[in-house]
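Some notes on the structure that comes next.
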Amino acid sequence: MRFSTILPLFAATALAQDSTSSLGPDDNGKYEISAEGIRAQFIPYGASITNLFVKGKDGVERDVILGFDNATAYEGDVHPHLGGVPGRYANRIKNSTFSIDGEEFHIVPNENNMNNTLHGGPDGWDYRNFTVVSQTESTITFSIVDPDGKEGFPGEVVSYVTYTMTPHTWNIKIVALATTKKTPIMLTSHAYWNLDGFANPDDQTALNWTFHLPYSGLRTGVDGILIPDGTLLPNEKYSVNDFWSSPKKIGANWTSPELEGNCGTNCTGYDNCYLVSRDAGELLDWRNSGPVASLSSEWSGIKLDIYSDQEAFQMYSCGFQDGTLPYKSTQGAPGGSGFVQQFGCVVMEVQDWIDAINNPEWMREKKQIYGPATPAFTLEAEYVFSTC
Ligand SMILES: *[C@@H]1O[C@H](CO)[C@@H](O)[C@H](O)[C@H]1NC(C)=O
Ligand SMILES: *[C@@H]1O[C@H](CO)[C@@H](O)[C@H](O)[C@H]1NC(C)=O
Ligand SMILES: *[C@@H]1O[C@H](CO)[C@@H](O)[C@H](O)[C@H]1NC(C)=O
Ligand SMILES: *[C@@H]1O[C@H](CO)[C@@H](O)[C@H](O)[C@H]1NC(C)=O
Ligand SMILES: *[C@@H]1O[C@H](CO)[C@@H](O)[C@H](O)[C@H]1NC(C)=O
Ligand SMILES: *[C@@H]1O[C@H](CO)[C@@H](O)[C@H](O)[C@H]1NC(C)=O
Ligand SMILES: *[C@@H]1O[C@H](CO)[C@@H](O)[C@H](O)[C@H]1NC(C)=O
């Protein structure tokens with residue numbers, strides 16, 4: 001019997017053991033887990049985080065993640081990749097093409113008039129229902145079996161995503177096994193953040209929040225549709241992409257001409273892959289050697305420090321939001337607009353160097369190509385909240 005066919009049976013058994021508690025989906029199809037000072041909700045669709053509640057300096061609980069009010073709404077026509085795990089290869093693959101051991105693969109394109117593949121294709125992982133494998137009060141594990149040939153990728157991939165709450169902290173662990181053939185794997189959590197829960201009456205944008213990338217002196221150079229062009233660019237001190245030399249507001253350089261086109265043709269702001277350059281010791285000791293990114297809002301007094309073992313960090317400043325995507329009923333304030341405004345959120349992704357499979361000179365093969373004879377793909381991250 002193939003593993004993929006017994007998996008649902010295993011899942012049913014694991015869940016049945018917890019039948020005495022209040023676990024399982026609520027009326028909105030969401031699964032809640034919590035710990036001191038933090039609670040969050042998830043759905044099987046894309047193994048997505050839908051809500052994340054933490055308190056700021058005023059003691060008021062804020063929902064700081066974009067999402068929809070119920071699981072059904074995620075299956076509509078609007079699919080901005082809210083909070084899911086894009087897979088099996090996050091971000092863009094140039095010309096929807098890559099080679100492994102001299103064999104060329106053409107996968108299904110889904111962006112820029114079919115010039116490239118974004119987030120694993122038109123039926124990538126965050127368009128599919130994962131299986132809930134287990135849940136307790138503080139942790140939930142999802143799994144997916146991605147068949148050989150799906151979206152054009154070679155070989156089967158089996159993946160587990162575990163989300164765990166510890167005091168004031170959201171922990172993520174992702175494991176993926178390429179079970180039959182060599183294939184590219186790059187995963188992340190694609191959450192959109194609004195640290196004010198859209199409740200700041202004077203500012204519906206992210207521009208006043210302070211951002212810091214202490215290890216990111218370099219970023220990948222990209223073309224007008226955000227495909228890496230092979231260059232690694234310096235984030236020179238005091239330039240718009242300098243978030244390393246000291247913390248800076250996301251909007252600090254908003255009037256600088258340098259920022260025009262910084263996130264692709266006709267895009268002002270950020271949608272960039274910053275490299276995380278740590279020495280081997282810091283990388284091994286990633287839980288203690290300092291956050292790879294920090295974001296804080298003076299208004300709510302919520303500070304988020306992100307720790308991860310990944311070696312790149314994508315930040316997108318929501319330039320394509322246009323006031324049509326609603327925020328949730330758990331967000332906003334009386335008299336609020338009800339909708340996400342342009343620059344009203346920040347997407348932050350811990351991941352590897354984007355499209356490194358098409359830039360072999362970066363020598364990321366061990367972090368991007370997996371097979372039955374290689375180690376497993378793994379990703380770990382901690383999102384730690386405090387007040388400021
Ligand atoms: C789910 O949310 C959507 C959007 O808010 C709403 O239109 C729909 O009625 C809700 N469905 C259920 C079953 O609650
Ligand atoms: C782009 O992909 C097509 C097939 O999908 C292939 O014929 C072409 O050679 C590729 N172009 C480049 C520049 O790799
Ligand atoms: C995409 O590819 C087509 C031809 O295949 C080309 O005309 C077009 O300029 C490309 N770029 C974008 C952004 O659509
Ligand atoms: C996901 O599961 C829901 C609830 O069972 C179902 O309505 C929906 O059709 C499923 N979606 C996909 C893409 O399988
Ligand atoms: C922006 O942040 C500063 C402190 O950094 C604060 O004084 C100011 O009130 C904030 N503006 C808004 C509109 O929240
Ligand atoms: C960006 O903002 C920072 C902080 O205010 C400033 O030091 C720097 O000179 C600005 N750079 C540009 C290019 O505007
Ligand atoms: C950029 O904006 C200009 C002016 O609005 C428009 O003519 C052009 O088509 C846009 N280019 C792209 C690639 O979106």
Hey, could you give me each pair passing salt bridge (Lys or Arg N to Asp or Glu O under 4.0 Å) that has a residue in [range]? Not counting sequence neighbours.
range	value
residues 56-68	R39-E61, D58-R62, D63-K328
residues 329-344	none
residues 333-358	D352-R364
residues 86-96	R88-D146, R92-E111

Residues clustered with [X], ILVMFWY side-chain links under 4.5 angstrom:
X	value
F320	I43, Y45, L66, F68, Y74, V78, L82, Y127, Y192, F198, Y316, L325, Y327, V340, V347
W244	none
V60	none
I225	I227

Item to check | Ring centroid separation F243 to F211 under 6.0 Å | outcome: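 Ring centres of F211 and F243 closer than 6.0 Å.
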Item to check | Sequence neighbours excluded - side chain to side chain donor-acceptor pair (under 3.5 Å) pairs with any residue from residues 211-224 | outcome: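 As it turns out, the side chain to side chain donor-acceptor pair (under 3.5 Å) pairs with a partner in residues 211-224, which skip direct neighbours, are R219-N235.
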Next on the checklist: Between S239 and D242, is there a side-chain donor-acceptor contact under 3.5 Å, judged purely by atom types and distance?
Outcome noted: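 No pair is found: no donor N or O on one side chain lies under 3.5 Å from an acceptor on the other.
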Checklist entry - salt bridge (charged side-chain N to carboxylate O under 4.0 Å, His left out) with D229: which residues, sequence neighbours excluded? => result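 Partners of D229 under the salt bridge (charged side-chain N to carboxylate O under 4.0 Å, His left out) test: none.
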Anything under 3.5 Å between a donor and an acceptor, one on a side chain of residues 375-388, the other on a protein residue two or more places apart or in another chain? List them.
unit_1 : atom_1 : unit_2 : atom_2 : d
E380   : OE1    : R287   : NH2    : 2.6
E382   : OE2    : R287   : NH1    : 2.7

Do any side-chain atoms of residues 250-259 form donor-acceptor pairs under 3.5 angstrom with protein atoms, and if so which ones, sequence neighbours left out?
unit_1 : atom_1 : unit_2 : atom_2 : d
N253   : OD1    : K248   : NZ     : 2.7
S256   : OG     : E258   : N      : 3.2
E258   : OE1    : V240   : N      : 3.2

